[in-house]
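Only a predicted model underlies this, so the values are computations on that prediction, with no experimental measurement involved.
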Amino acid sequence: MKIDFLEKFEYFAGVPDSLLSPLCNYLFDKYGISQNHVIAANEGNAVGLAAGYHLATGKVPVVYMQNSGLGNVVNPVASLLNDKVYGIPCLFIVGWRGEPGVHDEPQHVFQGEITLRMLEDMDIATFVLSKDTERCELDAAMERFDELFALGKQAAIVVKKGALEFDKKIKFSNANTMTRESIIEHITAVTGDDVIVSTTGKASRELFEIRETANTHHGRDFLTVGSMGHSSSIALGIAAAKPDRKIWIIDGDGAVLMHMGSMATLGANAPENIVHVVINNGSHETVGGLPTVAEKIDLVAIAKGCGYPYAACVDSFDALDRELEAAKERVELSFIEVKCAIGARSDLGRPTTTAKENKESFMEYLK
């Protein structure tokens with residue numbers, strides 16, 4: 001389905017998703033990052049932006065997301081948008097990862113099963129868009145949605161894999177030179193037998209392959225394949241229970257932005273056994289490459305403001321190795337931002353162990 005059915009809308013906010021890559025590329029091509037198109041820190045943030053736009057203009061905004069983001073919108077939808085509260089209309093475009101009957105990664109399976117039910121429970125009318133949907137069917141759904149919008153209600157188009165089309169490809173890059181996989185190789189060279197908690201997306205996939213290539217034990221790594229933005233909180237919970245173990249966090253800029261409040265919790269608790277490494281390529285690379293705001297903010301200053309005793313930023317392997325070696329010996333919470341290029345190997349694999357096998361192996365290693 002071509003994306004021209006959205007041309008009557010003028011404001012878009014959201015978090016990129018691989019199934020919505022045609023939409024994301026269309027928006028970036030048409031608006032870039034602007035007053036008409038905002039890439040939010042998380043999906044709840046996008047709902048707040050949409051509400052503000054409606055209050056200022058009276059028009060209907062569009063919020064896009066992967067279905068994993070529905071959990072982040074429950075509160076602002078139920079307590080802000082709903083017609084029993086303010087009655088703010090909004091169109092949601094939701095990528096349906098984990099669609100029942102379609103093979104997907106384990107973190108998407110249950111979310112896929114409950115996607116339509118979650119939308120129904122939030123009183124959001126739905127229309128499922130597939131490759132086989134006729135334009136007349138979509139047009140009829142949009143007419144029905146317009147009636148709901150006039151009543152201050154919300155509606156969602158749930159997008160199956162391959163349902164959207166946009167011919168133009170957008171290439172994203174930056175001026176950084178270090179690749180993420182090489183950065184993680186340098187981290188594992190220093191961490192030795194220490195524990196690593198890695199964020200969702202390609203970082204965990206690369207960590208897994210690095211261990212495979214080196215024929216080293218996977219049990220020291222917890223691969224956070226879902227729950228984007230929560231790796232540092234998982235690590236803090238582990239560090240509190242295992243104060244004698246060094247815990248390393250391999251995080252990403254998009255994940256840090258999604259739940260930045262966790263940095264305040266980390267800084268306030270200041271565990272002496274955590275090193276928080278944020279690999280910053282300024283991009284939602286795993287889901288298409290659209291930019292985050294991380295290149296426009298000072299993560300080191302934020303870390304220090306949150307109470308991290310030590311924070312630094314590096315943009316070369318020499319500086320990275322020095323900071324990693326120092327953090328290994330330092331007995332205080334440390335933060336290292338690593339400037340990273342956009343890109344990954346085209347043949348990058350996925351973990352061959354299940355999430356539960358990873359959990360059990362990791363727990364056994366912690367003993």
Side-chain angles (χ1 to χ4, degrees), residues 1-34 36-47 49-50 60-73 77 90-99 102-105 107-108 111-112 115-116 118-119 124 126-133 135 138 141-142 145 154-172 200-202 226 228-229 252 254-255 257-258 283-292 342:
M1 185 69 65
K2 294 190 180 299
I3 304 173
D4 57 358
F5 70 93
L6 291 174
E7 286 183 350
K8 68 178 182 179
F9 298 95
E10 299 176 0
Y11 184 83
F12 300 82
V15 177
D17 169 45
S18 56
L19 294 192
L20 301 181
S21 288
L23 170 65
C24 295
N25 288 337
Y26 163 82
L27 292 174
F28 194 82
D29 182 61
K30 184 173 182 178
Y31 297 116
I33 306 301
S34 64
N36 297 91
H37 177 219
V38 180
I39 297 177
N42 62 54
E43 297 81 2
N45 175 207
V47 172
L49 291 164
V60 179
V62 178
V63 170
Y64 63 89
M65 70 186 78
Q66 185 182 111
N67 55 345
S68 62
L70 287 174
N72 285 334
V73 308
V77 167
C90 182
L91 175 64
F92 292 95
I93 310 290
V94 181
W96 197 355
R97 295 297 302 268
E99 176 194 347
V102 178
H103 176 73
D104 211 328
E105 301 307 310
Q107 67 269 28
H108 298 299
Q111 182 69 63
T115 292
L116 297 181
M118 286 186 71
L119 291 164
I124 298 175
T126 61
F127 177 79
V128 177
L129 185 69
S130 73
K131 290 185 288 187
D132 300 323
T133 300
R135 181 57 185 258
L138 177 58
M142 295 300 290
F145 289 172
Q154 303 80 45
I157 297 175
V158 180
V159 180
K160 291 187 176 186
K161 185 177 181 179
L164 293 176
E165 299 175 6
F166 182 64
D167 294 334
K168 191 170 183 178
K169 301 294 184 183
I170 308 296
K171 176 72 173 177
F172 298 99
T200 188
K202 290 182 180 178
M228 182 173 171
L257 291 168
M258 183 161 282
S283 167
H284 285 291
E285 185 192 334
T286 299
V287 290
L290 265 74
T292 70
I342 297 173

Going by the rule side-chain contact (heavy atoms from CB on, under 4.5 Å), which residues pair with [X] if we only count those two or more places apart in sequence or in a different chain?
X: D132; answer: S130
X: K169; answer: none
X: K168; answer: D29, F166, I170

Checklist entry - How would you list, by chain and number, every residue that makes a side chain to side chain donor-acceptor pair (under 3.5 Å) with T292, sequence neighbours excluded? => result D253
Would you say that [X] contacts [Y] through its side chain, given a criterion of any heavy-atom pair below 4.5 Å between the two side chains?
X: L91; Y: M142; result: yes
X: L138; Y: I157; result: yes
X: F5; Y: R135; result: yes
X: E43; Y: M258; result: yes
X: N42; Y: M228; result: no

Checklist entry - Are D104 and E99 close enough, and set up right, to give a side chain to side chain contact (heavy atoms under 4.5 Å, CB included), and what steps lead you there? => result CA-CA 8 Å; D104 211 328; E99 176 194 347; over 6 Å; no
Item to check | Straight-line distance of I124 CD1 to L116 CG, nearest 0.5 Å | outcome: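 Answer for the CD1-CG pair, I124 versus L116, is 11.5 Å.
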Checklist entry - Can you tell me how far CD of E165 sits from NZ of K131, rounded to the nearest 0.5 angstrom? => result 10.5 Å
Next on the checklist: Can you list everything that forms a ring-ring contact (aromatic ring centres under 6.0 Å, His included) with H37? Sequence neighbours excluded, please.
Outcome noted: Y64
Checklist entry - Does W96 reach the main-chain N or O of G112 with its side chain, forming a donor-acceptor pair under 3.5 Å? => result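 Side chain of W96 to backbone of G112, a donor-acceptor pair under 3.5 Å: yes, one is there.
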List the atom of [X], the atom of [Y], and the distance in Å for their closest heavy-atom pair.
X: F145; Y: T126; result: CZ-C, 4.1 Å
X: I33; Y: P291; result: CG1-CG, 4.0 Å
X: M1; Y: L129; result: CE-CD1, 4.0 Å
X: I93; Y: L6; result: CD1-CD2, 4.3 Å
X: A40; Y: N45; result: CB-OD1, 3.4 Å

Item to check | Full working for side chain to side chain contact (heavy atoms under 4.5 Å, CB included) between N67 and L119 | outcome: CA-CA 10 Å; N67 55 345; L119 291 164; over 6 Å; no
Checklist entry - So does D4 have more than 12 non-hydrogen atoms from other groups sitting under 6.0 Å from CG? => result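 Correct, the count exceeds 12.
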Just distance, no hydrogens or angles: give the donor-acceptor pairs under 3.5 Å from side chains in residues 11-28, sequence neighbours left out.
unit_1, atom_1, unit_2, atom_2, d
D17, OD1, Q66, NE2, 2.9
D17, OD2, L19, N, 3.4
S18, OG, R97, NH1, 3.4
S21, OG, S18, O, 2.9
N25, ND2, S21, O, 3.3
Y26, OH, K30, NZ, 3.4

